[in-house]
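A quick write-up on the structure given underneath.
Heavy atoms only: backbone and side chains are in, while hydrogens, waters and symmetry mates are out. All residue numbers refer to positions in the sequence shown, counting from 1. The model shown is predicted, which means the values in this text are computed figures rather than measured ones.
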Amino acid sequence: MTRPLLTPPPLRPGDRVAVVSPSWGGAGLFPRRFERALTALRTATGLVPVVMPHARESLDWRSATAEDRAADLTAAFTDPAIRGVLCAIGGDHAAQVLPLLDLEALRADPKPLIGYSDITVLNHVLYAAGLSSFYGPALLPQFGEYPAPDPYTVEHFRRVVMGAGAGPAGPVPASGDLVEEYLDWGAEETRPRERRPAPPRLVLRPGTGGGPLLAGCLPSALQLLGTPWQPDYRGHVLVLDVPDGGYGVADADRDLTQMRNAGLLARLGGLAVGRLRLSSEEEDRKVHEAVLRAVRDYDYPVLANIECGHTDPMATLPLGADCVLSGTRLALRPPVTAPPAPGA
């Protein structure tokens with residue numbers, strides 16, 4: 001059950017932002033990229049990163065124990081000097097911290113949490129508890145990009161999380177290019193990754209719909225089924241991120257079927273699916289067919305190839321913000337963040 005929503009105030013240059021690793025320990029495994037990302041965050045946004053005690057650790061497939069990861073999150077949310085929380089990277093095990101979090105304490109001083117992939121479980125748990133967060137770039141993969149973060153990713157982050165430029169409301173801009181190449185993070189990087197023209201957004205089912213925005217990674221969102229932290233999808237415009245790294249068409253078909261069987265797709269205001277990374281035209285077509293099979297009994301609009309999640313460049317999407325999906329356009333309506341505090 002989703003509670004009345006609290007929206008955090010926008011971040012401002014000079015604000016201290018906690019860096020946490022709630023899942024995988026990539027920050028500890030790739031220290032050179034991590035340090036570059038910290039510098040880039042300061043340069044690109046003016047925010048001041050504060051690395052939490054366990055963010056640089058690496059323990060098998062996790063960053064640290066569940067208790068230590070939960071302690072970092074709790075400290076970040078309850079320290080009044082910290083105004084935002086940025087995840088270093090995703091992974092697979094953020095759900096381990098959920099029973100250890102005092103959600104009322106996290107909600108007491110609303111501040112933005114930003115991340116994607118496995119961070120979906122935190123995005124959705126906070127949303128169900130009545131606190132908005134942002135499905136957007138992580139420190140290591142996006143702000144650690146060589147030689148600098150992607151301008152689209154930074155500009156949209158600054159607009160949505162910091163209220164910069166034209167402000168957060170309005171259409172989520174389409175990106176004309178795409179960066180998919182894998183480079184070894186452990187090697188000395190000497191060139192930027194290759195860019196190519198991005199596939200255009202694709203209307204899978206026409207129409208116009210609207211409602212609060214709920215974004216997340218498809219397999220990660222399913223980790224909350226049957227738990228007390230499952231948010232209510234009804235009436236929302238759902239934006240689904242399909243991951244890369246060995247997650248294929250059959251996996252997406254299975255997980256979309258699970259969503260359908262659980263009733264999560266039945267009463268949406270609209271559905272948008274992120275761009276697929278390093279996939280062929282045939283794989284794209286099969287995933288889009290699986291999406292349409294999963295929503296075949298419903299009549300809301302469906303859009304594919306949105307700039308969401310496991311793609312570069314990447315948009316920043318505020319959970320709970322009122323939005324409209326129409327054709328190839330996904331637009332945010334104000335307000336996206338709370339008004340700044342007096343004197344901010």
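- In terms of the side chain to side chain donor-acceptor pair (under 3.5 Å) criterion, residue partners of Tyr247 (sequence neighbours excluded) are, by chain and number, Asp255.
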Would you be so kind as to tabulate the donor-acceptor pairs closer than 3.5 Å made by side chains of residues 317-336, with sequence neighbours excluded?
| residue | atom | partner | partner atom | Å |
| --- | --- | --- | --- | --- |
| Asp322 | OD2 | Arg333 | NH1 | 3.1 |
| Ser326 | OG | Thr208 | OG1 | 2.8 |

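- In summary, the side chains of Gln96 and Arg69 do present a donor paired with an acceptor at a separation below 3.5 Å, with no hydrogens or angles considered.
- Asp184 is linked by a salt bridge (charged side-chain N to carboxylate O under 4.0 Å, His left out) to nothing, counting only residues two or more places apart in sequence or in another chain.
- Residues satisfying the ring pair (Phe, Tyr, Trp, His ring centres under 6.0 Å) test with Phe157, not counting sequence neighbours, are Phe143.
- Looking only at distances, no side-chain donor or acceptor of His124 sits under 3.5 Å from a matching main-chain atom of Leu122.
- Side-chain contact of Ser117 with His310: a donor-acceptor pair under 3.5 Å is present, judged by distance alone.
- Side chains of Gln142 and Asp312: a donor on one and an acceptor on the other come within 3.5 Å.
- Residues forming a salt bridge (charged side-chain N to carboxylate O under 4.0 Å, His left out) with Arg107 (at least two apart in sequence, or on another chain): none.
- For the residue pair Asp241 / Tyr116, no side-chain donor-acceptor distance below 3.5 Å is found, with atom types taken as modelled.
- His93 and Trp61 have tilted rings, their planes meeting at an angle from 30° to 60° on a 0 to 90° scale.
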Using a 3.5 Å cut-off and no angle test, enumerate the donor-acceptor pairs between side-chain atoms of residues 38-47 and protein atoms at least two apart in sequence or in another chain.
| residue | atom | partner | partner atom | Å |
| --- | --- | --- | --- | --- |
| Thr39 | OG1 | Glu35 | O | 3.3 |
| Thr43 | OG1 | Thr39 | O | 3.0 |
| Thr45 | OG1 | Leu41 | O | 2.6 |
| Thr45 | OG1 | Leu47 | N | 3.1 |

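- Proximity of Arg201 to Glu307: side-chain heavy atoms (C-beta onward) are separated by under 4.5 Å at one or more points.
- Both cation-pi conditions hold for Arg277 and Tyr182: the charged atom is under 6.0 angstrom from the six-membered ring centre and inside a 45 degree cone around its axis.
- The side-chain heavy atoms of Phe134 and Val160, taken from C-beta on, include a pair separated by under 4.5 Å.
- Side-chain heavy atoms closer than 4.5 Å link hydrophobic residues (I, L, V, M, F, W, Y) into clusters, and following such links, possibly through other members, connects Val291 to Tyr298.
- With sequence neighbours excluded, the residues forming a salt bridge (charged side-chain N to carboxylate O under 4.0 Å, His left out) with Glu189 are Arg33, Arg36, listed by chain and number.
- Residues satisfying the ring pair (Phe, Tyr, Trp, His ring centres under 6.0 Å) criterion with His288, sequence neighbours excluded, are absent altogether.
- Each salt bridge (Lys or Arg N to Asp or Glu O under 4.0 Å) pair with one or both residues in residues 78-102, not counting sequence neighbours, appears once here: Arg83-Asp109.
- Inter-residue side-chain proximity for Asp150 and Met314 is flagged as unmet; no heavy-atom pair is nearer than 4.5 Å.
- Judged as a side chain to side chain donor-acceptor pair (under 3.5 Å), and not counting sequence neighbours, Asp72 has no contacts.
- By the side chain to side chain donor-acceptor pair (under 3.5 Å) test, Thr190 is found to be paired with no residue, residues two or more places apart in sequence or in another chain being considered.
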Quiz: residues 210-228 side-chain donor-acceptor pairs under 3.5 angstrom, not counting sequence neighbours:
| residue | atom | partner | partner atom | Å |
| --- | --- | --- | --- | --- |
| Gln223 | NE2 | Asp118 | OD1 | 3.3 |
| Thr227 | OG1 | Leu224 | O | 2.7 |
| Thr227 | OG1 | Trp229 | N | 3.2 |

